[in-house]
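For reference, positions follow the sequence shown, starting with 1.
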Amino acid sequence: MRTRPLKVALLGCGVVGSEVARIMTTHAADLAARIGAPVELAGVAVRRPDKVREGIDPALVTTDATALVKRGDLDIVVEVIGGIEPARTLITTAFEHGASVVSANKALLAQDGAALHAAAEEHGKDLYYEASVAGAIPLIRPLRESLAGDKVNRVLGIVNGTTNFILDKMDSTGAGYQEALDEATALGYAEADPTADVEGFDAAAKAAILAGIAFHTRVRLDDVYREGMTEVTAADFASAKEMGCTIKLLAICERAGDGASVTARVHPAMIPLSHPLASVRGAYNAVFVESDAAGQLMFYGPGAGGAPTASAVLGDLVAVGRNLVGGTTGPGESAYAALPVSSMGEVVTRYHISLDVADKPGVLAQVATVFAEHGVSIDTVRQQGKDGEASLVVVTHRASDAALSGVVEALRKLDTVRGVASIMRVEGE
């Protein structure tokens, strides 16, 4: 075993960072045996230096993160502060001064992953980020390494625990959105401002990262179609149950049928109860991967929290440490395919459309004609009504988003259609 320790700096010491420091200390002997060299915590950058941090020598704590990463004697910098700046500058500075980087920063990687990979390659360093997607679930390394010889066609997943908890509560108890959100907040699953979660921003960043790795193509956050789940209602769940489905906020990354382009999107969708993702409850995450040779794979586990996320960070730290001891680096960015990212209008899927219509003869024929005129085939229709008003539920066969948009626009012009109550995609079939 190498006797000179690998020096590690920690940027951020909140919920995740403090767990990383604790595990590094309590499992020091095991980590050294697995890496082939001791690991030494050489510095911790924080915003509030006076806060008591159990198990961390106060002499290691600093508020000057820039000076820390510029020391020149660091082997690995662990970044768990999040956000775009100063994280971006600190990571590139770490590369420039001889350190590899382990990050959990999904927002930065989704926005500037290509530039960070380029900086790592320029300086011959590693950039690992397993913890940026789905917490403790081993997902990025299987996609980047274990499935490197396969062709991944689709990645379909629940990658945000807050939204899954809310939707699961709405499904299992009949609660409304606000009631379920309040419970999630009280239990600590939702932030005081839950916008990033419930509006799909968090999941969209993760989708960009997953799509880029799965399809060997640069996919930025701006390429990901995003739709939140705040408009999902108890009525939507009732309709889903009638179809043998539930509703999940899904991140979906897939190749087009001809393989010539890819799409990445986040939105609520109905999913059959027979699909493995339908049984993912509470704040758990799960990702379903479909590839040519391996077939269907599912990765499941806790997607957030201090200890689970720290587990992923430490896994990366061990991997990077082994590379350092062996005098090598791990896989960098693989974007050779450079496939175009299609717009949402080109996405083909099934749809569930609920309409408020007049309860009189000929309405169904008018609605069916509109669908036919736009080339959208109807799978099933269900109509209920009384006292001159009715609801009409249409489930389509697979159609493009652009075609469905044309249908909806035309339906709203019909005198017999009072309104479009809801539109939801049907996935997982």
Side-chain angles (χ1 to χ4, degrees), residues 1-13 16-45 55-57 60 65 68-81 87 90-105 109 113 116-117 119-133 135-146 148 213 306-333:
M1 178 184 290
R2 171 176 137 173
T3 56
R4 185 179 73 80
L6 296 174
K7 293 190 175 183
V8 179
L10 184 59
L11 307 182
C13 197
V16 176
S18 60
E19 278 295 308
V20 170
R22 182 188 67 80
I23 295 171
M24 283 183 61
T25 301
T26 58
H27 296 171
D30 287 333
L31 291 173
R34 293 166 190 170
I35 293 171
V39 178
E40 174 189 320
L41 185 60
V44 181
I56 297 177
D57 182 352
L60 298 177
L68 178 60
V69 298
K70 284 184 174 181
R71 276 177 38 166
D73 64 339
L74 299 176
D75 296 291
I76 303 172
V77 169
V78 175
E79 183 271 310
V80 287
I81 56 178
L90 291 171
I91 288 174
T92 55
T93 302
F95 290 141
E96 292 166 1
H97 288 79
S100 290
V101 173
V102 172
S103 176
N105 195 330
L109 288 158
L116 295 180
H117 275 293
E121 182 177 1
E122 178 185 354
H123 297 284
K125 300 302 173 184
D126 274 327
L127 173 62
Y128 275 54
Y129 43 92
E130 184 67 61
S132 66
V133 180
I137 304 173
L139 181 59
I140 288 178
R141 194 172 290 114
L143 284 173
R144 192 159 74 163
E145 300 178 31
S146 303
I213 297 170
T309 305
S311 171
V313 170
L314 268 295
D316 279 351
L317 189 146
V318 169
V320 173
R322 287 171 174 169
N323 291 341
L324 288 167
V325 171
T328 185
T329 56
E333 182 188 32

Does any part of the side chain of [Y], heavy atoms only, come nearer than 4.5 Å to the side chain of [X], both counted from C-beta?
X	Y	answer
Leu317	Leu6	no
Leu90	Val77	no
Leu116	Leu109	yes
Val8	Asp75	no
Thr93	Lys70	yes
Leu324	Ile76	yes
Leu314	Met24	yes

Nearest heavy-atom pair of [X] and [Y]: which atoms, and what distance?
X	Y	answer
Ala42	Lys7	CB-CB, 4.0 Å
Leu74	Ala9	CD1-CB, 3.6 Å
Ala119	Phe95	CB-CD1, 3.8 Å
Glu40	Pro5	OE1-CG, 3.4 Å
Gly135	Ala312	O-CB, 3.3 Å
Ala87	Asn105	CB-ND2, 3.5 Å

Okay, side chain of Arg71, backbone of Gly43: is any donor-acceptor separation there less than 3.5 Å?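 Not confirmed, Arg71 side chain does not pair with Gly43 backbone.
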Please check if the side chain of Glu79 supplies one atom and the backbone of Ser103 the other of a donor-acceptor pair under 3.5 Å.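 The answer is no, because no donor-acceptor pair under 3.5 Å joins these two groups.
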Can you tell me how far apart [atom1] ([X]) and [atom2] ([Y]) are? Round to the nearest 0.5 Å.
X	Y	atom1	atom2	answer
Ile81	Cys13	CD1	SG	12.5 Å
Leu41	Asp57	CG	CG	9.0 Å
Leu68	Leu60	CG	CG	9.5 Å

Going by side-chain hydrogen bond (donor to acceptor under 3.5 Å, both in side chains), name the pairs with one or both residues in residues 310-332, residues two or more places apart or in two chains.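 Those involving residues 310-332 are Asp126-Asn323, Tyr128-Asn323, Arg141-Asp316.
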Taking Glu130 as the fixed residue, which of Leu139, Ile137, Thr309 is the one that meets the side chain to side chain contact (heavy atoms under 4.5 Å, CB included) rule?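 Exactly one candidate clears the test, Leu139.
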Salt bridge (charged side-chain N to carboxylate O under 4.0 Å, His left out) contacts in which one or both residues fall within residues 90-105, not counting sequence neighbours: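 Output for this query is empty, none listed.
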Applying ring-ring contact (aromatic ring centres under 6.0 Å, His included), can you list everything that pairs with Tyr129, at least two apart in sequence or on another chain?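 Once residues adjacent in sequence are excluded, the partners of Tyr129 under the ring-ring contact (aromatic ring centres under 6.0 Å, His included) criterion are His117.
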